[in-house]
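Atom set for the values below is all heavy atoms of this structure, side chains included, hydrogens, waters and symmetry mates excluded. Numbers here simply count residues along the sequence, with the first being 1.
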Amino acid sequence: MAVQLPQLQTIELTLHEPGVLVMAFNRPLRMNSMVPESYSEWKQVMEFTASTPAIRVLIITGNGRAYSAGQDLSSVSLSKSGLGEAEDIHRRNEVARSLTKLLITSRIPIIAAVNGPAIGYGCTTLALCDLVISVESAVFRTPFAELAFCAEGCSSVTFPRILGPIVASDMILFGRTLSATEMRQRGLVSRIAKPEELLPVALKAATTMAKQSQTAIAVSRALIRNQSYIDELVRANDAEMDQLYLRMISKDAKQAIAQMFAQLQAGGSGGRKSKI
């Protein structure tokens with residue numbers, strides 16, 4: 001039976017045999033920054049993979065020169081106030097909460113093919129993947145503090161575990177940008193590939209895995225990502241999203257975003273918005 005792929009606006013899906021689904025963020029003119037529809041559609045993809053046995057591996061990448069610049073802050077309304085603003089932010093955060101949980105509990109391996117900058121949520125969720133392959137020119141950044149936000153995507157747990165607590169703090173608290181080489185040295189990136197070879201390398205790894213015993217793969221993943229660790233990530237996701245909601249409705253977050261936009265306009269950015 002042929003697999004019917006969801007038709008999406010901000011994400012492009014391509015199915016390769018045997019059961020390898022390639023998901024590409026598809027807002028290249030906006031550095032694949034994420035608007036509310038992006039989170040909803042990514043969630044839809046994860047629900048699709050969970051309910052479609054024919055899908056054995058998911059590859060996530062980006063179209064254009066970026067992997068994902070994270071949340072598109074131009075989609076964050078600074079004009080709303082009071083209950084309307086809080087409801088809007090709560091609704092967006094609950095979608096992100098559900099998406100992150102689906103990534104944590106994915107029944108199939110996820111390969112990230114990082115073709116360019118990975119910022120904010122586009123960076124933190126890499127640590128929830130089973131394999132991360134990157135081009136050498138990619139950079140990784142989590143500018144939470146400068147926007148008065150907080151850790152998300154389970155980075156409060158995964159970053160200290162993978163990168164070490166000091167480097168994790170350097171990224172989350174101080175906004176340090178790391179290169180692909182540094183991420184490989186620290187263990188978040190497993191392989192470096194040339195730009196023209198990135199997707200072929202990811203597809204080769206995915207195809208090889210998809211042809212092997214799926215029961216054996218599932219057992220090994222359950223041992224590596226044991227239930228205790230999954231439970232810890234789910235708790236971290238809930239705690240982070242609870243705090244992020246409070247941060248996003250806070251006065252200092254509004255001021256930080258407004259100040260960032262003002263600086264961009266003063267610098268002649270031509271309307272380009274910074275993202276997280």
Side-chain angles (χ1 to χ4, degrees), residues 10 25 27-40 42 62 64-97 99-100 116-126 138-156 159 163 166-179 182 237 239-276:
T10 68
F25 299 116
R27 300 184 74 230
L29 298 180
R30 301 291 296 176
M31 297 277 290
N32 293 324
S33 57
M34 298 180 65
V35 291
E37 292 78 12
S38 305
Y39 292 92
S40 296
W42 191 356
R65 64 190 181 93
Y67 176 75
S68 175
Q71 183 176 173
D72 189 334
L73 292 177
S74 65
S75 69
V76 177
S77 176
L78 297 176
S79 60
K80 288 185 178 181
S81 59
L83 183 60
E85 175 199 47
E87 289 178 346
D88 182 54
I89 292 175
H90 181 266
R91 182 167 52 249
R92 293 161 62 114
N93 278 25
E94 288 308 300
V95 173
R97 185 196 303 265
L99 168 58
T100 304
I119 313 298
Y121 194 73
C123 178
T124 57
T125 50
L126 293 175
V139 293
F140 304 80
R141 187 165 182 260
T142 54
F144 301 138
E146 66 188 71
L147 293 170
F149 289 174
C150 68
E152 36 86 310
C154 296
S155 57
S156 63
F159 275 24
L163 304 174
I166 300 301
V167 174
S169 294
D170 207 356
M171 288 193 72
I172 294 173
L173 304 182
F174 297 91
R176 177 181 171 185
T177 299
L178 266 64
S179 67
E182 289 172 316
N237 177 42
E240 289 172 353
M241 295 312 298
D242 288 347
Q243 290 299 318
L244 184 59
Y245 168 72
L246 297 176
R247 289 281 80 234
M248 290 187 72
I249 64 173
S250 68
K251 184 177 180 180
D252 52 344
K254 295 178 186 178
Q255 291 174 339
I257 295 172
Q259 182 178 5
M260 180 197 67
F261 284 169
Q263 290 173 344
L264 287 172
Q265 292 172 355
S269 65
R272 180 180 172 186
K273 310 298 185 187
S274 177
K275 299 101 182 173
I276 183 169

Open item on the list: Using every non-hydrogen atom in the two residues, find where Asp72 and Ser33 come nearest and quote the distance to one decimal.
Closed with: OD2-OG, 3.1 Å

Open item on the list: If I take atom CD from residue Glu94 and atom CG from residue Leu99, how far apart are they, to the nearest 0.5 angstrom?
Closed with: 12.5 Å

- [ ] Kindly give the heavy-atom pair with the smallest separation between Leu178 and Val167, and that separation in Å.
- [x] CD2-CG1, 4.0 Å

Task: Pair Glu37 + Arg27, salt bridge at N-O below 4.0 Å - done: no

TODO: Might you point out which heavy atoms bring Pro117 and Ala66 nearest each other, and give the distance in Å?
DONE: CD-CA, 3.8 Å

Task: Flag side-chain contact, heavy atom, 4.5 Å: Leu73 against Phe261 - done: yes

TODO: Look at the aromatic rings of Tyr39 and Tyr121 and report parallel, tilted or perpendicular, splitting at 30° and 60°.
DONE: tilted

Task: Close side-chain approach of Met34 and Ser68, heavy atoms under 4.5 Å - done: yes

Open item on the list: Evaluate Thr142 against Ser155 for side-chain contact (heavy atoms from CB on, under 4.5 Å), listing each step before the verdict.
Closed with: CA-CA 10 Å; Thr142 54; Ser155 57; 5.9 Å; no

Task: Test side chain to side chain donor-acceptor pair (under 3.5 Å) applied to Glu182 - qualifying residues, sequence neighbours left out - done: Arg176, Ser179

Task: Where Phe144 and Gly120 come nearest, the two heavy atoms and their spacing - done: CE2-CA, 4.3 Å

Task: 4.5 Å side-chain heavy-atom contact, Phe159 and Asp170 - done: no

Open item on the list: Testing the basics here: between Ser250 and Asp252, what is the closest heavy-atom pair and its distance to 0.1 Å?
Closed with: OG-OD1, 2.6 Å

TODO: For side-chain contact (heavy atoms from CB on, under 4.5 Å), just list the numbers for Arg247 and Leu147, CA-CA rounded to whole Å, side-chain angles, deciding distance to a tenth of an Å, and then say yes or no.
DONE: CA-CA 9 Å; Arg247 289 281 80 234; Leu147 293 170; over 6 Å; no

TODO: Specify the closest pair of heavy atoms between Arg141 and Gly175, including all atoms of both residues, with the distance to one decimal.
DONE: NE-O, 3.4 Å

Task: Pair Ser156, Glu240: side-chain N/O donor-acceptor within cut-off below 3.5 Å - done: yes

Task: Test applied, side-chain contact (heavy atoms from CB on, under 4.5 Å); reference residue, Glu152; option that passes from Thr124, Thr125, Thr100 - done: Thr124

Open item on the list: Could you tell me if the side chain of Pro36 sits less than 4.5 Å from the side chain of Val95, heavy atoms only?
Closed with: no

TODO: To the nearest 0.5 angstrom, please state how far the NE2 atom of His90 sits from the CZ atom of Arg92.
DONE: 13.5 Å

